[in-house]
Amino acid sequence: MKAELLYRFREDFHDGAIMEVVIWSVPEPVPDSGHPYKYRLFYGTPGQRLVGYDNERGKGDHRHRNDSEMPYPFTTPEKRIDDFLGDIDKLRSES
């Protein structure tokens, strides 16, 4: 089985911020992740990540918020997208 792209979308905001979501179904879990998905969710400006979720090899599933990084358990791709969009809404409402 080859990797299959499940989600890919991007939004460019009027203030220069970018939101991008990419989620793949993969034949084998990424090391340190116990599920068959590889994902990268980014929100920020060029050169600055404000919110991010990914499952980088060796780190497993985690979330970035500004300059901090913390483990973040994975349930489903849809839940990951919902959590990400919620973080963006919260951050944008704080500005």
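Using a 3.5 Å distance cut-off with no hydrogens or angles, the side chains of Tyr39 and Asp61 do pair a donor with an acceptor.
Phe13 and Ile81 fall within a single hydrophobic cluster, where Ile, Leu, Val, Met, Phe, Trp and Tyr are joined by side-chain heavy atoms under 4.5 Å apart, directly or via other members. Phe42 and Phe74 are not part of a single hydrophobic cluster, where members link through side-chain heavy atoms under 4.5 Å apart.
The pair Arg63-Asp54 fails the salt-bridge criterion, with no side-chain N (NZ, NE, NH1 or NH2) lying under 4.0 Å from an Asp/Glu carboxylate O.
In this view, Glu28 satisfies the side-chain contact (heavy atoms from CB on, under 4.5 Å) rule with no residue, not counting sequence neighbours. Contacts of Asp83 classified as side-chain contact (heavy atoms from CB on, under 4.5 Å), with partners at least two apart in sequence or in another chain: Tyr53, Tyr72, Lys79. Residues passing the ring pair (Phe, Tyr, Trp, His ring centres under 6.0 Å) test with Tyr7, sequence neighbours excluded: none. Legend: residues meeting side-chain contact (heavy atoms from CB on, under 4.5 Å) with Asp12, ordered by chain and number and at least two apart, are Arg10, Ile18. With sequence neighbours left out, Arg65 forms a salt bridge (charged side-chain N to carboxylate O under 4.0 Å, His left out) with Glu94.
Using a distance-only test at 3.5 Å, with no hydrogens or angles considered, a donor-acceptor pair links the side chain of His62 to the main chain of Gly60.
His35 contributes atom NE2, which lies 11.0 Å from atom OG of Ser25 (distance to the nearest 0.5 angstrom). Considering CG of Asp82 and CG of Leu85, their distance stands at 6.5 Å, rounded to 0.5 Å.
Listed by first and then second residue, the salt bridge (charged side-chain N to carboxylate O under 4.0 Å, His left out) pairs involving residues 30-49 are Glu20-Arg40 (not counting sequence neighbours).
Around atom CG of Asp15, more than 12 heavy atoms belonging to other residues, nucleotides or ligands sit under 6.0 Å away.
Of all the heavy atoms in Tyr37 and Val30, the pair that sits closest is O-CG2, 4.1 Å. Considering all non-hydrogen atoms of both residues, Leu5 and Trp24 come closest at N-CE3, 3.3 Å. A pairwise comparison of heavy atoms in Val26 and Ala3 identifies CG1-CB, 4.2 Å as the closest pair.
A side-chain contact (heavy atoms from CB on, under 4.5 Å) with Leu41 is found for exactly one of Arg80, His64, Met19, namely Arg80.
Both tests do not hold together for Arg92 against Tyr43: distance to the six-membered ring centre under 6.0 Å, angle to the ring axis within 45°.
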